[in-house]
Amino acid sequence: QHHLTPSPTITRKGNMGITSSVPVDTIPDPSPLPGSKEEHDELRKALDGRLHTFHHDRETYDKIRAGSNGTETWNIDGMGKPIAIAACQSAEDVSAAVTFCREQCQPNSIRVCVAGGRHSHQCMINNSFVIDLSGLKGITINEEEKYADVMGGSLQGDLDTATEPYHLATTAGHVSSTGCGGLIIQGGHGYLERKFGMVVDNLLQVEIVVANGSIVIADEKQNPDLFWAIRGGGGNFGVVIRFRLRLHPIPEKIYAGQRIHVPLGMGWFPDRAPLIKAFSKTTADSSDDNGTGLLVLPCGGPVVENLVYVGPVEEGQRYFAKHKKEVGYPLVDNMKGQSYHFGVQRFAPAGGGNFYITGVLVPRMSDEFAEALGDCVTSANGPGKKTNCLLFLVPMGGAVSRKGPEDTAYPHRTTLFWVIISGDWIGDPGTPEYEERRKRTVAWCGMVQEKLKPFATGHYGVLAEVDTHGSKGGEEEEETKRDGDGDISDRDTDTGVLAPMRGGTRNVYGPNLPRLQGIKKKYDPTNIFTINDNILPK
């Protein structure tokens, strides 16, 4: 039987700039930690006391659950009540935690999740055992050989700060609060991918704790099968505690900024669809890999072009001057020479809040696709007040497409766009207002996904449409699930006779699924790591 235990309120300022006070006691209490007191004490000793459980040291547990070592849990809506949090600070800590999970948690149907940068929907799951890597931060730069060793709990902003003095960079996210680990193992998109490839294309080595507790090095020479699988296979194969990333020279200043357009649909103020196509022409469809960006389409709002030229400022000015002639008169144009690390990588705010995010991969631009995107974000189709819903159009192509679909586990190499469908809302969980706004937001995201379905060919990693708070194979009680969010079957990438040929029900892994299943069987034969687009061992 589940109980509700009063607990502190977490206060957080979200992307809408509005403070949300979140009463934690709206979530049912978790089960006791499995195992004997002696086994708990043994793990607590191995972690130097940093095992925090709901039923043992609630005050510390609540603090770490909300944030630890400068890393906050980003999505309040996805912040459940785990049974325990193992605050790891070394590879040996992670090994001890994984071993406990294999021996005690899995036999008792307790799921294991990893909290790296906590910029995730899956890092703090109800009734789970959390392996927290926020104490495993650190970046070491090898300037001569041009690589960075990145610890598993590091944030994108940490990498920017470490590489900037050397005028080096690598592909990495769009938001400074993004965790490096979760970004990398899915494939990794970012402003530099058209120039330097995806993050996994720049991954040279990992140090990882696999399901049997072993600490393993994987690269092109050591455990190459595991190294291949990690580059796009998500969190299916273990807990990565260190990444080695290739770095590239980058100018001290590049030409970048925002152009904000009012989509009036007349004269020098074109509607959304022509603006979307013009953005595509100068980014994903361009033969110049230096031209890139991120298109933001707020519901009922302007069209925001984040434009970046990964090269000398003068070349960027010439490149985007032609583009400006094609898009009329932007309301705002702040394009200028600026730092990639502290300018471009700070375009998007880093605040947390209540989020529901999904998305689709689309192979090419077309008139129909542009019209559909524009139609989704009109005021008439919006979810209404107290919500903030928008689309992000991430352009690919360039160096991303020069890799083959089987070169790494990430297969979608000819895809030119990732459409991120994002919604957030204000309110306190458990209140009628919160649930009503959440329902409208989720419905809008579903509507957009349905409208874009005819153009889509697959999905990128686990987002909010996969309900990781839901049941494990139907064994957990229904009250822990939310209607409409799905259950574990949505994560099963091996459902149906044709699933292996299409990369699973969500086509995350494409033709690489059968090979990934074999590698999963080798390194995680009992499927301990399931909080992901799960690959069944075969």
Would a 4.5 Å heavy-atom cut-off, applied to side chains only, mark [X] and [Y] as touching?
X	Y	value
Glu368	Glu371	no
Val206	Phe237	no
Leu192	Asn202	no
Cys88	Ile131	yes
Leu416	Met365	no
Phe227	Leu203	yes
Phe243	Ser154	no
Lys253	Gln338	no

Can you tell me if [X] uses its side chain to pair, donor with acceptor, with the backbone of [Y] under 3.5 Å?
X	Y	answer
Thr71	Gly117	no
Arg118	Arg65	yes
Ser401	Thr414	no
Asn334	Gln258	yes
Arg194	Thr283	yes
Tyr319	Thr282	yes
Asp132	Ser134	yes
Asn223	Ile217	yes
Ser280	Ile276	no
Asn306	Val308	no

Atom CD of Gln222 with >12 non-hydrogen neighbours under 6.0 angstrom: yes
More than 12 heavy atoms of other groups within 6.0 Å of Arg246 CZ: yes
Can you see which heavy atom on [X] is nearest to which on [Y], and at what distance?
X	Y	value
Leu155	Ser177	CD2-O, 3.8 Å
Cys445	Ser422	SG-C, 4.4 Å
Leu204	Tyr147	CD1-CB, 4.0 Å
Leu307	Met335	CB-CE, 3.7 Å
Thr171	Gly197	OG1-O, 2.6 Å
Ala115	Met124	CB-CE, 4.3 Å

Can [X] and [Y] be counted as having a side-chain donor-acceptor contact under 3.5 angstrom?
X	Y	result
Tyr309	Asp288	yes
Asp428	Tyr434	no
Thr163	His341	yes

Pair Trp444 + Tyr356: ring centers closer than 6.0 Å: no
Ring centers of Phe392, His174 separated by less than 6.0 Å: no
Salt bridge (Lys or Arg N to Asp or Glu O under 4.0 Å) between Arg50 and Asp93, worked out: CA-CA 9 Å; Arg50 296 185 306 275; Asp93 288 354; 2.4 Å; yes
cation_pi(Arg346, Phe342) dist<6.0 Å, angle<=45: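 Negative - Arg346 is either too far from the ring of Phe342 or too far off its axis.
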Would you give the length of the straight line joining atom [atom1] of [X] to atom [atom2] of [Y], rounded to the nearest 0.5 angstrom?
X	Y	atom1	atom2	answer
Ile254	Lys336	CD1	NZ	12.5 Å
Arg364	Phe417	CZ	CZ	10.5 Å
Glu326	Lys277	CD	NZ	11.5 Å
Thr170	Leu159	OG1	CG	7.5 Å
Ile184	Gln186	CD1	CD	11.5 Å
Arg438	Asn354	CZ	CG	9.0 Å

Aromatic plane relationship, Phe369 with Phe455 - under 30° parallel, 30 to 60° tilted, over 60° perpendicular: tilted
Aromatic plane relationship, Tyr460 with Tyr410 - under 30° parallel, 30 to 60° tilted, over 60° perpendicular: perpendicular
Stepwise side chain to side chain contact (heavy atoms under 4.5 Å, CB included) test for Leu133 and Val94: CA-CA 8 Å; Leu133 303 184; Val94 175; 3.8 Å; yes
Side chain to side chain contact (heavy atoms under 4.5 Å, CB included) assessment of Leu452 paired with Leu373: CA-CA 8 Å; Leu452 300 183; Leu373 287 172; 4.0 Å; yes
Verdict with supporting geometry, Arg272 and Thr378, side-chain hydrogen bond (donor to acceptor under 3.5 Å, both in side chains): CA-CA 9 Å; Arg272 292 180 177 88; Thr378 60; over 6 Å; no
Evaluation steps, side chain to side chain contact (heavy atoms under 4.5 Å, CB included), between Asp289 and Phe196: CA-CA 9 Å; Asp289 298 349; Phe196 301 131; over 6 Å; no
Carboxylate-amine/guanidinium proximity below 4.0 Å for Arg413 and Asp201: yes
Check ion pair Lys403-Glu193 (N to O, under 4.0 angstrom): no
Criterion side chain to side chain contact (heavy atoms under 4.5 Å, CB included) on Glu406 and Asn512, from CA distance to verdict: CA-CA 7 Å; Glu406 298 178 14; Asn512 295 331; 3.3 Å; yes
Side chains of residues 295-305: which donor-acceptor partners sit under 3.5 Å, not counting sequence neighbours?
unit_1 : atom_1 : unit_2 : atom_2 : d
Glu305 : OE1    : His261 : NE2    : 2.7
Glu305 : OE1    : His323 : NE2    : 3.3
Glu305 : OE2    : His323 : NE2    : 2.8

